[in-house]
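Note that ligands are numbered from 1 as they come in the structure, with each ligand's atoms numbered from 1 the same way.
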Amino acid sequence: MNEKELLHNAPIGVFDSGVGGLTVAREIMRQLPNERIVYFGDTARVPYGSKSPETLTRYSRQIVRFLQTQQVKAIVIACNSASACALEVLEEETALPIIDVVRPGAKTALDTTRNGKIGVIATEATISSGIYKRYIEESDRSVSVISKACPLFVPLVEEGLWEDPVTDEIARRYLSELIDSGIDTLILGCTHYPLIRSTVGRIMGEKVCLVNPAYETARALKRLLEEKGLESEKRPELGTELYRFFVSDAAEKFQRFANSILSYGILSAKVINIEDY
Ligand code: DGL
């Protein structure tokens with residue numbers, strides 16, 4: 001393979017605090033079937049949503065350094081909390097193109113709303129960064145954003161309680177003020193939340209459109225690869241490790257989870273010590 005082919009065939013680096021980013025990886029697999037992926041889930045340090053911006057920046061830097069050792073050609077921050085706190089620093093420090101999940105999600109919500117009232121549910125880190133509110137209100141001053149941190153959603157998802165009375169009860173409490181506010185669009189501002197989409201959708205009612213930023217993120221990645229002339233030209237042959245998974249802890253649990261989300265069965269997830277990077 002010559003240098004150009006090597007670059008085209010290089011993988012996309014995708015990362016999250018754990019399994020949430022698999023909802024983004026799944027969409028990349030669907031929309032860009034020719035692309036290889038190296039996924040890193042920081043299962044030893046999840047959740048990210050309760051951490052400070054400084055800690056999330058440190059974690060994100062380490063992960064980007066690790067992904068660079070895997071010769072990735074672009075990076076997708078498949079985590080809203082890391083996108084909210086570390087995107088600017090990573091863009092400044094890294095030569096690789098980076099896609100986050102927040103800007104694509106904000107854009108989709110702006111294209112979707114009819115009454116100019118958008119809700120955002122996300123982790124505490126994302127909500128307190130004010131990033132969705134800023135992006136949306138800077139793009140269109142007539143739109144208002146109502147935000148709500150939902151810290152218990154990530155552990156419920158990680159525990160597999162996607163359809164459960166406990167999740168239902170907690171979701172009702174979190175979402176009641178969003179229902180009262182009259183929003184017509186709700187951003188699932190954490191990559192774990194698409195896994196409880198049906199619960200959230202049922203409680204919000206069918207008049208509220210749910211935005212999963214993963215779809216638009218994969219589209220943004222496709223545009224970026226095209227612009228930079230970095231697309232992989234053909235689908236790698238089977239057995240050439242199209243998708244590789246790394247975690248910082250509990251590989252078996254991650255594998256089980258991944259296999260329940262992805263249509264592609266993952267054979268192994270390798271544990272690495274992320275503190276080494
Ligand atoms: N899935 C991540 C996000 O989009 C982080 C969740 C967490 O670890 O708290 O924010």
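Hydrophobic clustering places Leu56 together with Ile63 (ILVMFWY residues linked when any side-chain heavy atoms are closer than 4.5 Å, directly or through intermediates). One hydrophobic cluster holds both Leu32 and Val76 under the rule that ILVMFWY side chains link at heavy-atom gaps under 4.5 Å.
The side-chain tip of Arg244 does not point at the ring of Tyr39 from less than 6.0 angstrom away and within 45° of straight on.
With ring centers used as reference points, Phe15 lies 6.0 Å or more from Phe40.
By the 4.0 Å N-to-carboxylate-O rule, Arg223 lies close enough to Glu216 to be salt-bridged with it.
Looking at Thr123, Asp42, Asp16, Thr55 one by one, the single match for side-chain hydrogen bond (donor to acceptor under 3.5 Å, both in side chains) with Tyr48 turns out to be Asp42.
Within 4.0 Å of ligand 1, protein heavy atoms come from Asp16, Ser17, Val46, Pro47, Tyr48, Gly49, Cys79, Asn80, Ser81, Thr123, Val154, Cys190, Thr191, His192.
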